[in-house]
K.L.:
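Got a structure here, written out as structure tokens. Questions coming.
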Amino acid sequence: MKEKKQGDLSRLMYYAGDHKYFTYASLVLAALSALIALVPFYYIWKIMKEVLEVRPNYSEAVHIKEYGWMAVAFALIAMVIYIAALMCSHKAAFRVQVNMRTAMMNHIMKLPLGYVESEGTGKIRKIVADSSAATETYLAHNLPDKVVSFATPVGLLAMMMVFDYRLGLISLIPAVIAFALMGTLMMGPKMAEDMKQYQNALETMSAEAVEYVRGVPVVKTFGQTVFSFKRFKNAIDEYEKWTLGYTKNMMVPMVAFTTSANGIFAALIIAAYVFTGHGVTDKFILNLIFYILITSVLTVTLMKIAFAGESQLMVRDAINRMDGILNMELLPEPADGQTPKDTSVELDKVVFSYAGADKNAVDGISLKIASGEHVAFVGPSGGGKTTLASLIARFWDVNSGAVKIGGVNVKDINSETLMNEVSYVFQDSRLLKMSILENIRMGRPDATDAEVMEALKNAQCMDIIEKFPDGVNTVIGSKGVYVSGGEAQRLSIARAFLKNAPILILDEATAFADPDNERQVQKAFEALSKDKTVIMIAHRLSTVTNADRIYVLADGRIAENGTHDELNSANGIYTHMWSEYNKSVKWKVGKAGAV
Ligand SMILES: Nc1ncnc2c1ncn2[C@@H]1O[C@H](COP(=O)(O)OP(=O)(O)OP(=O)(O)O)[C@@H](O)[C@H]1O
Ligand SMILES: [Mg+2]
């Protein structure tokens with residue numbers, strides 16, 4: 001237990017760097033301030049003593065005023081030292097928070113992209129923000145307060161021993177019981193486990209709440225309110241279960257602890273009864289009244305330690321969560337990276353399954369795409385198109401088989417080289433909350449404004465820019481700025497234009513707001529495709545009729561492949577898809593004509 005505690009602190013101190021001395025200074029200062037804060041009690045004792053001595057000639061108590069001022073002076077000194085302690089602790093805590101975040105972000109940047117995609121950026125962001133915030137609070141406030149809560153009762157008990165050791169010893173008994181209860185019951189492994197479950201339930205509930213809100217448009221259009229609310233409700237129920245469970249588990253130890261912490265007071269009264277059996281002295285009365293006065297302080301600080309224990313559990317949980325991110329495995333980098341010889345892509349018996357899935361998302365696919373060839377992946381939803389494309393860009397590593405670019409296994413290409421080789425336009429293009437200009441410039445950070453504008457023009461984005469009064473400086477996601485899925489894809493294509501990688505993967509958005517948008521995306525993509533090796537994932541077959549080769553993917557396998565004409569006359573899945581597609585186009589045209 002003790003060892004683990006030190007482990008946590010030294011873990012945190014690692015992130016403090018040379019600022020760790022500020023933490024140590026804050027702990028020393030906090031202890032000092034706690035002890036100095038007890039000095040006023042000594043003066044109160046002196047005041048009481050004088051009053052008792054001069055009784056009943058109270059006008060002879062001439063030192064009272066002086067003692068009173070001394071008490072105030074020491075209280076002020078203690079406060080000033082405590083503020084200094086907090087300044088030190090904040091300095092270190094802030095450094096730790098920043099360094100922890102940086103460490104996690106650096107790791108996340110190197111994670112397989114597929115992992116970040118499927119884990120959910122929201123969840124990862126929450127862990128990064130929450131765990132570093134929890135350690136900040138712990139180091140800045142909880143830890144110095146904990147030192148104060150330990151130093152105060154220790155100092156008080158020592159003081160009680162000095163004035164009257166018998167009363168001191170009696171007071172020690174309930175205090176020791178309280179300490180023991182706290183250590184064994186509240187901070188034991190069972191409580192740590194409960195705390196973890198509680199945090200998990202909280203995390204799930206937040207995630208479900210986001211999901212619920214995000215799903216509102218779908219839910220409303222399909223009238224599925226009850227169904228979708230059910231998952232959210234379950235998460236809330238689970239959270240409630242853990243909160244109640246945790247509270248109930250705490251009930252008995254908490255009651256015992258509170259009773260014994262407050263029992264000091266009762267012990268004193270019993271002791272007074274016993275010790276005064278042989279008569280009462282002035283000194284004894286003085287000490288007894290004084291002790292009764294200060295036991296309330298003792299009780300309060302003991303109670304504080306109980307809550308300090310809770311913050312200890314929370315910070316341990318935060319560290320575990322951080323480790324959860326830091327321990328996520330990176331894709332291994334090759335020792336000496338090779339350079340692809342050309343821009344061809346070859347898949348050799350590639351098998352891949354997502355963690356926890358019971359069937360392969362890609363189930364033994366082999367194919368060759370020559371440099372400069374344009375191919376298309378089509379097929380039913382869930383057939384494995386996006387997964388296959390993400391394997392080519394090495395967002396994941398294959399379970400077996402090999403992905404080769406320019407004749408070199410992607411595992412033997414440096415991630416940076418690979419990134420420069422492949423441009424990927426995502427199915428749900430994500431734009432970051434920054435200006436359009438900066439969003440596009442991510443494609444090539446050293447591009448000039450003029451080059452960005454050129455890319456925007458090539459990607460048919462000028463109408464989007466003109467829509468906003470701030471033009472390219474419009475911040476995506478700010479108030480009143482809305483871009484449709486198709487518009488977002490065009491902006492992503494502009495990014496790819498700027499990057500100008502020789503291999504291009506476009507995962508077409510599933511639905512476009514209007515046919516105009518669809519045409520513009522196609523036009524932008526055609527312009528970008530020139531002289532490149534292209535993999536187009538298409539949901540609208542009109543896009544692919546000109547492809548050099550079309551692969552129909554179903555259930556993670558290649559069901560058919562060939563040119564549009566070959567496939568169309570083969571009377572297979574593609575023939576069926578093509579006739580369905582034409583029906584839907586006719587339906588759309590018919591509808592448009594009727595308006
Ligand atoms: N991140 C993920 N984690 C677990 N399973 C996944 C993940 N992404 C996809 N899958 C599963 O892998 C299979 C292939 O999905 P994939 O997204 O590659 O299909 P797709 O052909 O791109 O479909 P769509 O046309 O709807 O985009 C599906 O069964 C899907 O449920
Ligand atoms: Mg897909």
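For this chain, numbers begin at 1 and follow the sequence in order. Atoms within a ligand are numbered from 1 in the order they appear, just like the ligands themselves. Small disclaimer: the values here were computed from a predicted structure and weren't measured.
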K.L.:
With a 4.5 Å heavy-atom cut-off, do I476 and K433 have their side chains touching?
P.N.:
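No. Closest side-chain heavy atoms not under 4.5 Å.
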K.L.:
Do any nitrogen or oxygen atoms of A361 lie less than 3.5 angstrom from nitrogen or oxygen atoms of ligand 1?
P.N.:
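No, there is no polar N/O contact under 3.5 Å.
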K.L.:
May I ask you to check if ligand 1 and T387 share an N or O to N or O distance below 3.5 Å?
P.N.:
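Looking only at distances, the answer is yes, because the N/O contact criterion of under 3.5 Å is met.
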K.L.:
When you measure from the Mg ion (ligand 2) to the N, O or S atoms of S381, does any of those distances fall below 2.8 Å?
P.N.:
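It does not: S381 brings no N, O or S atom closer than 2.8 Å to the Mg ion (ligand 2).
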K.L.:
Does the distance from a Lys or Arg side-chain N to an Asp or Glu carboxylate O, for D130 and R321, drop under 4.0 Å?
P.N.:
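Here D130 does not pair with R321 in a salt bridge, since their nearest N and O are not under 4.0 Å apart.
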K.L.:
Assess whether a salt bridge exists between K368 and E373, defined as any Lys/Arg side-chain N lying under 4.0 Å from an Asp/Glu carboxylate O.
P.N.:
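Answer for the salt bridge query: no.
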K.L.:
Should one rank P380, A355, G382, G356 by closest heavy-atom distance to atom 29 (O) of ligand 1, which comes out on top?
P.N.:
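Closest candidate by heavy-atom distance is G382.
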K.L.:
Can you sort out which atoms of ligand 1 are near T386, meaning under 4.0 Å from one of its heavy atoms?
P.N.:
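Close to T386: 17 (O), 18 (O), 20 (P), 22 (O), 27 (O).
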K.L.:
May I ask you to say whether R441 pairs ionically with E438, meaning some side-chain N is under 4.0 Å from a carboxylate O?
P.N.:
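A salt bridge is absent here (no side-chain N lies under 4.0 Å from a carboxylate O).
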K.L.:
If I take the Mg ion (ligand 2) as the centre, what angle separates the OE1 atom of Q427 from the OG1 atom of T386? Nearest 10 degrees is fine.
P.N.:
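Vertex the Mg ion (ligand 2), arms to OE1 of Q427 and OG1 of T386: 90°.
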K.L.:
Check whether any N, O or S atom of T387, backbone or side chain, sits closer than 2.8 Å to the Mg ion (ligand 2).
P.N.:
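So T387 does not bind the Mg ion (ligand 2) by this criterion.
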K.L.:
At a 4.0 Å cut-off, with the gap strictly under it, does some heavy atom of A357 reach an atom of ligand 1?
P.N.:
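No heavy atom of A357 comes that close to ligand 1.
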K.L.:
How long is the straight-line distance from CD of Q522 back to CD of Q489, given to the nearest 0.5 Å?
P.N.:
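Taking CD in Q489 and CD in Q522, the distance rounds to 11.0 Å.
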K.L.:
Quick check: does G383 get an N/O under 3.5 Å from an N/O on ligand 1?
P.N.:
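Yes: some nitrogen or oxygen of G383 is under 3.5 Å from one in ligand 1.
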K.L.:
Tell me if a side-chain donor or acceptor on S371 pairs with a main-chain N or O of T343 at a distance below 3.5 Å.
P.N.:
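Here the side-chain-to-backbone pair exists.
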K.L.:
Just which atoms of ligand 1 are under 4.0 Å from any heavy atom in H539?
P.N.:
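Per the distance check, 25 (O), 27 (O).
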K.L.:
Does the distance from a Lys or Arg side-chain N to an Asp or Glu carboxylate O, for K467 and D463, drop under 4.0 Å?
P.N.:
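No, K467 and D463 are not salt-bridged.
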K.L.:
Would you check if the side chain of E421 reaches a backbone N or O of P502 as a donor-acceptor pair within less than 3.5 Å?
P.N.:
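Pair absent, no side-chain N/O of E421 close to backbone of P502.
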K.L.:
I want to confirm something. Looking only at heavy atoms, which of W396, F377, Y354, F395 is nearest to atom 10 (N) of ligand 1?
P.N.:
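Selected option, by shortest heavy-atom distance: Y354.
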